[in-house]
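First up is the structure itself, then whatever we jot down about it.
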There are 2 protein chains.
Amino acid sequence: MRSVPAQIAIKLHQALPLIAEQGLEQTKIDEIADTTGVPKATLYYYFSGKEEILAFLFEDMLTAIADEAKVAMEIEGTSADRLTAVVGVQIRRLVENRDLSAALVGDLGRVTRSSALVESLQAAFYSPIESLLIEGAADGSLRDTGNPMLGSMAVIGPVIISVLMTAIVPPDADEPDDDVAGDLIAIILSGLLPRG
Amino acid sequence: MRSVPAQIAIKLHQALPLIAEQGLEQTKIDEIADTTGVPKATLYYYFSGKEEILAFLFEDMLTAIADEAKVAMEIEGTSADRLTAVVGVQIRRLVENRDLSAALVGDLGRVTRSSALVESLQAAFYSPIESLLIEGAADGSLRDTGNPMLGSMAVIGPVIISVLMTAIVPPDADEPDDDVAGDLIAIILSGLLPRG
DNA sequence: GTCTATAAAGAGATAGAC
DNA sequence: GTCTATCTCTTTATAGAC
């Protein structure tokens, strides 16, 4: 894959609503060319096929999330605060890239078959959270669940699924979007049992 | 779709490792015929195509989960107990059908494009949990998060993601499987903050 | 880098006999 | 219900000029 000019990278995003809606399988490369205005021959010049196009866009977003998460992991406060910040970053970016996220979550199988993408997913979602859980258990600001992996799943799972839901629901829902991230992390932190 | 003989339904499961591994898109209907021993002509006799074959298997499992969940929702104890039971059912069935679950989670986009499957998913996962959260908030055995939908996501998300993980990891991992369901629901119930 | 045209192969789906 | 054979169509991907 040759280095992709920014000009083209931007245009590629225009194909995402299509891909999100009907899946990559049903999206013909001619449609991508038509929708984005990038000639098919040019697409093949830069990419080996449509899988690589989508993977490129995934990588783009995941790298951005990973970078931002790294920053969020350094803020002042308790581990819980940092965890809240990281989850906020993740959700915000996912929601901002609604269609790309829908394509990502809707085609997790494809993603998990690419080791490069799996690594990017880990760097963006799993690793930051696992680190913070371990850190928090050590300094006492988070409960020690005894299983950082399961704990991480308990955080990432809701994030992914809630994004999937918002991504599925047609965009007409111009609900104020409230503070999904905040509400979600509050539930995750406090749990579902009544507090004593 | 004609009513599928049990004989054939059973054989179809033999194609699942293949589908789980390479995705339905990459799985040729000839492969399904070869692997299951069901002649291709017979497959077309009962199904309109490979999508319908997979959807049939999904429905099968989801219906079983929904039925069992309905039972679990009636057991004695607190709402939290019932929630634990329901999640236990869900995880157990998913893990038992490892490859089918991998196919399901790996191709959520396809699933969400079928309204029948979306309804089955809701009946198996979302509805039971949402009911219990509402019930628990009312009788005080669960915290009132003010948003049953978000609360449900906080439960279902970890379930789905943890199953995805175990489904991705090669089966060589004959780890005792411990009590994933129990550990997971404990974390979800108690939250990640230290208890006072 | 982009165009037009085309190869060419794959795979889904069916026909029609048994 | 199952078999063999085949059709047909789509879609990827490339060739070669500009």
Side-chain angles (χ1 to χ4, degrees), chain A residues 1-60 103 106-107 109-111 113-114 116-117, chain B residues 1-60 103 106-107 109-111 113-114 116-117:
Chain A
M1 190 182 94
R2 297 164 205 245
S3 147
V4 181
Q7 185 83 24
I8 290 183
I10 293 169
K11 287 187 186 169
L12 291 179
H13 286 265
Q14 296 172 8
L16 286 175
L18 206 59
I19 298 174
E21 193 193 336
Q22 60 188 19
L24 186 64
E25 181 184 356
Q26 293 301 325
T27 305
K28 312 309 164 202
I29 201 148
D30 283 294
E31 287 182 291
I32 297 177
D34 290 348
T35 309
T36 61
V38 179
K40 185 166 69 159
T42 306
L43 291 176
Y44 275 111
Y45 180 75
Y46 285 110
F47 304 98
S48 69
K50 58 184 182 178
E51 289 80 11
E52 205 174 82
I53 294 176
L54 190 55
F56 169 76
L57 295 174
F58 285 159
E59 284 284 8
D60 211 37
D107 215 350
R110 185 188 305 277
V111 174
R113 263 167 246 130
S114 153
L117 285 177
Chain B
M1 191 182 95
R2 299 166 204 244
S3 147
V4 181
Q7 186 82 23
I8 290 184
I10 294 169
K11 286 188 186 168
L12 291 180
H13 286 266
Q14 296 172 9
L16 286 174
L18 206 57
I19 297 173
E21 193 193 336
Q22 60 190 20
L24 186 63
E25 182 184 354
Q26 294 302 325
T27 306
K28 312 311 164 200
I29 200 144
D30 284 293
E31 287 182 291
I32 297 178
D34 291 349
T35 309
T36 62
V38 179
K40 183 163 70 156
T42 307
L43 292 176
Y44 276 109
Y45 179 76
Y46 286 110
F47 304 98
S48 69
K50 59 184 180 178
E51 288 80 12
E52 208 175 82
I53 295 176
L54 190 54
F56 168 77
L57 295 174
F58 285 159
E59 285 285 7
D60 211 38
D107 216 349
R110 185 188 306 278
V111 173
R113 262 167 246 129
S114 153
L117 285 177

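Chain letters run A, B, ... following the sequence lines, proteins first, then strands; residues in each count from 1. Every heavy atom of this structure was used, including side-chain atoms; hydrogens, water molecules and symmetry mates were not.
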Task: Any Ile19(B) side-chain heavy atom under 4.5 Å of Leu57(B) side chain - done: no

TODO: Look at atom CD of Glu25(B) and say whether more than 12 heavy atoms of other residues, nucleotides or ligands are closer to it than 6.0 Å.
DONE: yes

TODO: Quickly work out the Lys50(B) NZ to dG12(C) C1' distance and round it to whole Å.
DONE: 8 Å

TODO: Between Thr27(A) and Ala41(B), name the one whose nearest nucleotide on DNA chain D is closer to the 5' end.
DONE: Ala41(B)

Open item on the list: Side chain of Lys40(A) only, heavy atoms from C-beta on: which candidate in dG1(D), dT12(D), dG12(C) is closest?
Closed with: dT12(D)

TODO: Specify the separation, in whole Å, of atom OH of Tyr45(A) and atom C1' of dG16(D).
DONE: 16 Å

- [ ] For the side chain of Pro39(A), starting at C-beta, report the closest nucleotide among dT2(C), dT2(D), dG12(C).
- [x] dT2(C)

Open item on the list: Between C1' on dT2(D) and CG on Asp30(B), what's the gap in Å once rounded to a whole number?
Closed with: 15 Å

TODO: Among the candidates dT4(C), dG12(C), dG1(D), find the nucleotide nearest to the side-chain atoms of Tyr46(B).
DONE: dG1(D)

Open item on the list: Counting neighbours of CD on Glu59(B) that are heavy atoms of other residues, nucleotides or ligands and sit closer than 6.0 Å, is the number greater than 12?
Closed with: yes

Open item on the list: Between Thr42(A) and dT2(C), is there a contact of a side-chain N or O with OP1 or OP2 at under 4.0 Å?
Closed with: yes

TODO: Rounded off to whole Å, could you give me the CG-to-P distance for the Asp34(A) and dT12(D) pair?
DONE: 12 Å

Task: CD1 on Ile8(A) to NE2 on His13(A), rounded to 0.5 Å - done: 12.5 Å

Open item on the list: Without decimals, in angstroms, what is the distance between Glu52(A) CD and dT12(D) C1'?
Closed with: 15 Å

Task: Tyr44(A) OH to dA5(C) P, straight-line distance once rounded to whole Å - done: 18 Å

- [ ] Grab the CD-P distance between Gln26(B) and dA11(C) for me, whole Å please.
- [x] 8 Å

TODO: Could you state the atom-to-atom distance from CD of Glu25(B) to P of dG12(C) in whole Å?
DONE: 11 Å

